[in-house]
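Here's the structure we're looking at; comments come further down.
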Protein chains: 2
Amino acid sequence: MKTTHPETLRPRKTPTQARSAATVGAIFEATIQVLLTDGGHRLTTTRVAERAGVSVGTMYQYFPHKQALMYAVVHQHLTMFVDEFEAACFRHWNEPIANITQGMVTAFLDIKIRHPDVTRALYKIADELDTDELRFGTAKSLQTACVSLLGSAPDVTFENLPDIAFTLLTAMNGTTRAVFEFGAEPEMVKMLHIQLLALCRGYLDISAVQRSNVSH
Amino acid sequence: MKTTHPETLRPRKTPTQARSAATVGAIFEATIQVLLTDGGHRLTTTRVAERAGVSVGTMYQYFPHKQALMYAVVHQHLTMFVDEFEAACFRHWNEPIANITQGMVTAFLDIKIRHPDVTRALYKIADELDTDELRFGTAKSLQTACVSLLGSAPDVTFENLPDIAFTLLTAMNGTTRAVFEFGAEPEMVKMLHIQLLALCRGYLDISAVQRSNVSH
DNA sequence: TCCAAAGCCGAATAATCATTCATATACTGC
DNA sequence: GCAGTATATGAATGATTATTCGGCTTTGGA
């Protein structure tokens with residue numbers, strides 16, 4: 001598996017004029033749309049340029065190659081996801097485990113639902129990327145945030161917190177992904193929310209150890 | 001999204017002589033190996049033929065096109081998975097829910113672990129396939145088996161059994177997939193087994209309704 | 001031993017793709 | 001309005017790809 005050196009994945013130039021920022025935005029959006037309608041293995045520079053309403057040459061002014069474009073798109077959205085998820089974690093810091101669970105599940109789902117196209121598109125691009133750095137890095141960040149949040153619960157403690165966080169996140173992701181790949185119809189999403197709450201609550205209940213109430 | 005008509009996905013000829021069966025076997029195995037080493041987007045007819053030790057022409061004697069080859073490989077392994085999973089379900093029929101849970105989780109994991117290369121390879125080929133029929137069909141079969149098995153527990157009942165089965169299977173799949181994509185080292189697999197047992201037990205505990213003991 | 005069927009080969013073909021670059025247009029400050 | 005920079009163009013290039021087909025080799029049986 002040949003991996004492209006990260007250095008070369010950086011965009012070629014930073015847009016200064018307003019129109020070029022618009023161009024890059026159009027290219028990003030077009031990438032998502034091509035992924036949705038044609039699939040990852042038909043994500044070609046020609047198709048993206050066409051859908052974005054620009055020429056291929058223009059694309060190559062901002063990205064040295066296709067890998068760089070894909071990297072940028074994935075990076076943008078994964079970073080956004082991590083940021084919003086971490087923000088939600090801070091919001092529920094130190095709350096009882098029941099609140100934490102409900103807050104985390106709801107936040108996880110909300111972010112995905114707020115950008116349904118992006119969510120579905122990212123599932124399709126994974127195999128095209130020459131590096132796993134982004135996915136692994138994101139997984140690590142989410143796990144860290146989750147560990148901290150669960151550890152902040154005043155009413156319980158957990159053994160193997162990293163393992164529990166890992167399992168919780170990947171399980172949520174598995175069910176969510178399945179729902180989105182099935183079309184993510186509103187009733188299905190509603191069901192997903194309900195079942196994920198039960199899943200996580202049940203898992204954390206069974207894994208939690210009551211904390212002896214040591215007051216200050 | 002152009003989908004290939006299922007009819008054309010059928011193999012071109014059925015091997016009669018022993019050596020041709022060996023050829024097809026080599027092609028199947030080569031497909032898995034190319035997926036693992038090169039990734040789905042570099043799964044080419046040339047590469048598969050080369051790794052299988054046959055010529056491209058030979059491949060086209062058994063499969064009318066690349067889609068048919070991929071379809072055959074995926075179909076073979078998904079069918080195997082469903083068969084083994086259903087067999088495990090029958091084995092735990094009518095047992096108490098605690099046994100059912102443990103049996104189902106263990107079977108799910110065992111099948112994946114018994115064919116680690118196949119497990120990882122199938123994650124990579126999904127986007128290349130022009131049809132979702134196989135994935136959706138498999139999901140449906142597994143869900144049906146799971147619904148029946150859970151429904152057979154004498155000590156509990158569930159509401160929304162299809163939703164619960166769906167959630168259970170996709171959650172297990174999500175965590176399992178993550179572990180395999182991280183390399184599936186032995187200690188990781190051990191952790192996976194432990195955590196999946198807790199996850200499913202917790203979820204089913206919380207979703208179950210005690211069945212009033214109506215003795216005949 | 002011999003032959004028809006089964007199996008195999010791989011160069012040739014036509015399509016598609018990523019990437020380049022010489023040229024043209026649009027914008028910004030003056 | 002002008003000069004210089006930023007941005008956009010798209011035909012051309014070379015690589016890679018899926019698929020074909022005419023000819024070759026092996027096999028199983030008579």
Side-chain angles (χ1 to χ4, degrees), chain A residues 1-2 4-5 8-28 30-31 34-35 38-73 125 127-130, chain B residues 2-5 8-28 30-31 34-35 38-73 125 127-130:
Chain A
M1 170 106 54
K2 187 175 61 177
T4 313
H5 188 72
T8 71
L9 290 174
R10 201 178 306 219
R12 197 161 248 168
K13 62 167 27 167
T14 318
T16 63
Q17 298 182 7
R19 66 172 167 150
S20 78
T23 299
V24 173
I27 292 173
F28 273 48
T31 304
V34 171
L35 281 171
D38 298 331
H41 61 127
R42 279 190 278 254
L43 182 80
T44 68
T45 50
T46 315
R47 259 189 274 262
V48 171
E50 192 181 22
R51 168 114 22 166
V54 302
S55 79
V56 266
T58 298
M59 280 188 36
Y60 276 89
Q61 214 143 24
Y62 297 100
F63 306 98
H65 42 244
K66 210 180 93 171
Q67 281 294 319
L69 167 62
M70 297 191 296
Y71 187 96
V73 170
I125 207 181
D127 184 72
E128 313 292 321
L129 263 180
D130 272 347
Chain B
K2 186 175 61 177
T3 62
T4 313
H5 188 73
T8 72
L9 290 174
R10 200 178 306 221
R12 199 161 247 169
K13 62 166 27 167
T14 318
T16 65
Q17 298 182 8
R19 66 172 167 154
S20 78
T23 299
V24 173
I27 292 173
F28 274 47
T31 304
V34 170
L35 280 171
D38 299 329
H41 61 126
R42 278 191 278 253
L43 182 80
T44 68
T45 51
T46 314
R47 258 189 274 261
V48 171
E50 192 179 24
R51 169 122 7 176
V54 302
S55 81
V56 266
T58 298
M59 278 187 38
Y60 276 89
Q61 215 145 21
Y62 297 101
F63 307 98
H65 42 244
K66 209 179 93 169
Q67 281 295 319
L69 167 63
M70 297 192 296
Y71 186 95
V73 171
I125 207 180
D127 184 72
E128 313 291 323
L129 261 179
D130 272 347

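Below, chain A is the first sequence line, B the second, and so on; all start at residue 1.
Using a 4.5 Å cut-off on side-chain heavy atoms (C-beta onward), B:Tyr60 and B:Thr45 make contact. In this structure, the side chains of B:Asp127 and A:Asp127 stay at 4.5 Å or more apart for every pair of heavy atoms. The side-chain heavy atoms of B:Phe63 and B:Ile27, taken from C-beta on, include a pair separated by under 4.5 Å. In this structure the side chain of B:Met70 never reaches within 4.5 angstrom of the side chain of B:Thr31, judged on heavy atoms.
Every residue two or more places apart in sequence or in another chain that forms a side-chain hydrogen bond (donor to acceptor under 3.5 Å, both in side chains) with B:Thr58 is listed here: B:Ser55.
Which of C:dC9, C:dG10, D:dT7 sits closest to the side chain of A:Tyr62 comes down to D:dT7. Residue B:Val56 places its side chain closer to D:dT20 than to any other of D:dT7, D:dT20, C:dC8.
In this structure, CD of B:Gln61 is placed 12 Å from C1' of D:dC24, rounded to the nearest angstrom. Residue A:Met59 contributes atom CE, which lies 13 Å from atom P of C:dC17 at whole-angstrom precision. Atom CZ of B:Arg19 is separated from atom P of D:dT27 by 5 Å (rounded to the nearest Å). Going from atom CD of A:Glu50 over to atom P of D:dA8 covers 18 Å, rounded to whole Å.
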Check nucleotides 15-18 of chain D against the protein and report each pair of N or O atoms closer than 3.5 Å, with its distance, or say if there are none.
unit_1 : atom_1 : unit_2  : atom_2 : d
D:dT17 : OP1    : B:Arg47 : NH2    : 2.9
D:dA18 : OP1    : B:Lys66 : NZ     : 3.0
D:dA18 : OP2    : B:Thr45 : N      : 3.0
D:dA18 : OP2    : B:Thr45 : OG1    : 2.9

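Between A:Ser55 and D:dT9 there is a side-chain polar atom (N or O) within less than 4.0 angstrom of OP1 or OP2.
Residue pairs meeting the salt bridge (charged side-chain N to carboxylate O under 4.0 Å, His left out) criterion with at least one member in residues 50-67 of chain B, sequence neighbours excluded, do not occur.
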